[in-house]
J.: 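Input: one structure, supplied below.
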Amino acid sequence: MYSSTSLAPGVRRRLALGLVSVALAGLTACGSAETSVNAGAGNAATPSGQPANLAGQAQLAPGYEADPELRAKLPKSVLDSGLVRTATSVGLPPINFPGEGTDEVKGLNADLILAVEQLLGVKFESENYPSTAAQLLALDSKRIDLTTSTNGDTKEREAKYDFIDTLLSRNVLMVKKGNPAGIKSAADVCGKKFGEVKGSFSVLAILQGVCQQAGTENPVLSSFEDIPSMQLALISGRIDSYVGSDFNVVWDQSQGKPVDAVQLPEAGTLVLGWTLPKGQDGLRDAVLGALQKLQADGYYDKAFERWGVSGNKLGPDVNIGDQGTGFAG
């Protein structure tokens with residue numbers, strides 16, 4: 001039903017380039033770990049052991065026929081237009097990232113979207129929204145029907161939205177390769193230079209709590225406009241650490257960036273999923289059914305493995321945010 005060797009391009013979309021910092025932190029305090037994250041698990045590696053370059057990897061090439069039972073679940077408006085208006089982002093590699101042009105999105109979700117489109121016999125007409133807040137506002141205003149990027153499934157949000165959950169994000173402390181600052185746990189960030197992107201979900205309070213318990217100095221915060229500038233500060237030694245997702249490590253190391261990561265259980269985990277407003281049960285069930293069919297025939301698992309994030313795979317299922325420790329906010 002699909003090929004992993006085709007050179008088919010990523011899913012084409014009307015997109016403007018942009019990067020987004022993503023809220024990935026939970027609020028659980030549960031001790032610390034001193035082991036580094038195994039960033040390359042499930043992904044091909046070069047002879048040096050470095051994960052293969054995911055940016056140059058071809059997308060999967062599914063060849064599914066439309067499924068009448070799944071199409072019967074779709075709202076009449078979607079069947080009539082043949083379109084589902086969706087929002088995505090390009091700032092969470094290897095889940096979503098820019099292709100060669102401004103109209104191309106690559107990554108895990110591009111593989112899933114193309115196969116879902118085929119099974120439903122519709123096109124996902126997508127625009128780029130650079131933040132979760134902007135995507136949710138677009139859902140509220142009925143400008144879009146569905147988000148296909150990865151928004152955090154929280155108890156507060158579930159009061160208003162349904163989530164088709166696919167991913168579990170684990171927070172890690174990003175450090176320069178070789179860990180010259182000697183950071184092995186959250187307590188080791190105390191008194192050190194710590195970075196965060198302005199407006200992103202902050203874990204500073206969690207780290208400050210760890211430092212207060214230890215009777216040591218708080219981290220010294222540096223604020224940045226975006227993730228690339230913060231990462232450059234890490235590599236150049238202007239900061240000692242910042243918090244990212246474990247699948248950020250997969251991507252960065254596949255690009256040859258000199259970064260490592262240390263586990264941060266204090267910051268918890270967050271379930272991520274595609275999002276749509278409450279009351280859109282037909283569209284929700286059709287998309288969920290398509291993803292479940294992809295799971296049943298192995299395509300779903302293949303896509304996660306291909307992008308090095310098999311260890312983050314969930315579901316697919318609806319509103320399972322409580323599987324993450326950050327569900328309650």
Side-chain angles (χ1 to χ4, degrees), residues 15-26 37 39-40 51 53-55 87-99 102 104-110 128-135 147 149-152 167-177 179 181 183 189 192-207 219-264 267-270 272 307-309 312 326:
L15 294 172
L17 288 175
L19 292 174
V20 56
S21 60
V22 184
L24 296 175
V37 172
N53 183 358
L54 295 176
T88 191
S89 67
V90 290
L92 192 63
I95 312 305
N96 305 296
F97 62 93
T102 58
E104 184 181 19
V105 177
K106 296 187 69 175
L108 169 67
N109 277 349
N128 182 50
Y129 287 78
S131 70
T132 293
Q135 292 179 22
T147 79
S149 62
T150 45
N151 297 321
L167 278 165
L168 182 70
S169 171
R170 301 175 187 87
N171 292 281
V172 295
L173 288 165
M174 303 293 294
V175 298
K176 186 176 179 179
K177 187 174 182 179
N179 198 1
I183 295 172
V189 184
K192 291 189 171 65
K193 296 169 288 185
F194 177 73
E196 287 191 336
V197 172
K198 296 175 183 177
S200 67
F201 188 95
S202 175
V203 300
L204 183 61
I206 296 171
L207 295 174
V220 179
L221 179 66
S222 294
S223 297
F224 297 88
E225 295 295 332
D226 53 40
I227 292 173
S229 60
M230 184 167 62
Q231 187 174 77
L232 182 61
L234 177 71
I235 294 169
S236 66
R238 288 185 286 121
I239 61 173
D240 298 307
S241 184
Y242 66 86
V243 171
S245 165
D246 53 350
F247 45 72
N248 294 147
V249 190
V250 173
W251 173 263
D252 290 342
Q253 292 186 346
S254 86
Q255 303 308 292
K257 293 181 180 178
V259 296
D260 286 323
V262 174
Q263 292 177 358
L264 184 62
T269 59
L270 193 65
L272 306 175
W307 296 102
V309 290
N312 301 90

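FYI, side chains are in, hydrogens and waters are out, and symmetry mates aren't considered; it's all heavy atoms of this structure.
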J.: Just jot down the side chain to side chain donor-acceptor pair (under 3.5 Å) partners of Ser241, sequence neighbours excluded, or say none.
T.: none
J.: Using the test side chain to side chain donor-acceptor pair (under 3.5 Å), find all partners of Ser229 that sit at least two apart in sequence or belong to another chain.
T.: Asp226
J.: Atom CG in Asp252, atom CG in Leu234: separation rounded to 0.5 Å?
T.: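 Spacing of CG (Asp252) from CG (Leu234) equals 9.5 Å.
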J.: Can you name the ring-ring contact (aromatic ring centres under 6.0 Å, His included) partners of Phe194, sequence neighbours left out?
T.: none
J.: Would you say the side chain of Phe224 lies within less than 4.5 Å of the side chain of Gln231, judging by non-hydrogen atoms?
T.: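 Side-chain contact under 4.5 Å: no.
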J.: Please name all residues satisfying side chain to side chain donor-acceptor pair (under 3.5 Å) with Asp240, sequence neighbours left out, ordered by chain then number.
T.: none
J.: Mind checking the CE-CD spacing from Met230 to Glu196? Nearest 0.5 Å is all I need.
T.: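 Nearest 0.5 Å value for the CE-CD distance: 8.0 Å.
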J.: Measuring from Lys176:NZ to Ile239:CD1, what's the distance to the nearest 0.5 Å?
T.: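 Spacing of NZ (Lys176) from CD1 (Ile239) equals 11.5 Å.
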J.: Within this structure, what is the CG-CZ distance for the pair Leu92 and Phe247, rounded to the nearest 0.5 Å?
T.: 4.5 Å
J.: How long is the gap from OG1 on Thr269 to CG on Leu168, to the nearest 0.5 Å?
T.: 4.5 Å
J.: Strictly distance-based, threshold 3.5 Å: is any side-chain N or O of Lys106 a donor or acceptor partner for the main-chain N or O of Pro98?
T.: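 Not at all, since once roles are kept as given, no pair shorter than 3.5 Å links the two residues.
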J.: Can you give me the closest heavy-atom contact between Pro94 and Val309, atom names plus distance?
T.: CG-CG1, 4.1 Å
J.: Roughly how far, to the nearest 0.5 Å, is the CG atom of Leu173 from the CG atom of Leu264?
T.: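 Answer for the CG-CG pair, Leu264 versus Leu173, is 4.5 Å.
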J.: For Val243 and Met174, which heavy atoms make the closest approach, and how far apart are they?
T.: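 Heavy atoms of Val243 and Met174 come nearest at C-CG, 4.5 Å.
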J.: Could you check whether any side-chain heavy atom of Asn312 comes within less than 4.5 Å of a side-chain heavy atom of Arg170, counting everything from C-beta outward?
T.: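 Answer yes - side chains close enough.
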J.: Could I get the full list of side-chain contact (heavy atoms from CB on, under 4.5 Å) partners for Ala134, not counting sequence neighbours?
T.: Tyr129, Ser131
J.: Which atom names give the shortest non-hydrogen contact between Val105 and Ala110, and what distance separates them?
T.: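 The pair with the smallest heavy-atom distance is O-CB, 3.5 Å.
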J.: Under 30°, 30 to 60°, or over 60°: which ring-plane class applies to Trp251 and Phe97, parallel, tilted or perpendicular?
T.: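 Trp251 and Phe97: tilted rings.
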J.: Take Ser222 and Arg238, measure what side-chain contact (heavy atoms from CB on, under 4.5 Å) needs, and give me the verdict at the end.
T.: CA-CA 9 Å; Ser222 294; Arg238 288 185 286 121; over 6 Å; no
J.: Which heavy atom in Pro93 sits nearest to a heavy atom in Asn248, and how many Å separate them?
T.: O-ND2, 4.0 Å
J.: Ignoring hydrogens, what is the shortest heavy-atom contact between Thr150 and Leu272? Give both atom names and the distance.
T.: CB-CB, 3.8 Å
J.: Would you say the side chain of Lys192 lies within less than 4.5 Å of the side chain of Val220, judging by non-hydrogen atoms?
T.: no
J.: I need the minimum non-hydrogen distance between Gly152 and Leu270, along with the two atoms involved.
T.: CA-CD2, 3.8 Å
J.: Identify which one of Val249, Asp260, Val262 satisfies the side-chain contact (heavy atoms from CB on, under 4.5 Å) criterion when paired with Val172.
T.: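 Considering Val249, Asp260, Val262, a side-chain contact (heavy atoms from CB on, under 4.5 Å) with Val172 is found only for Val249.
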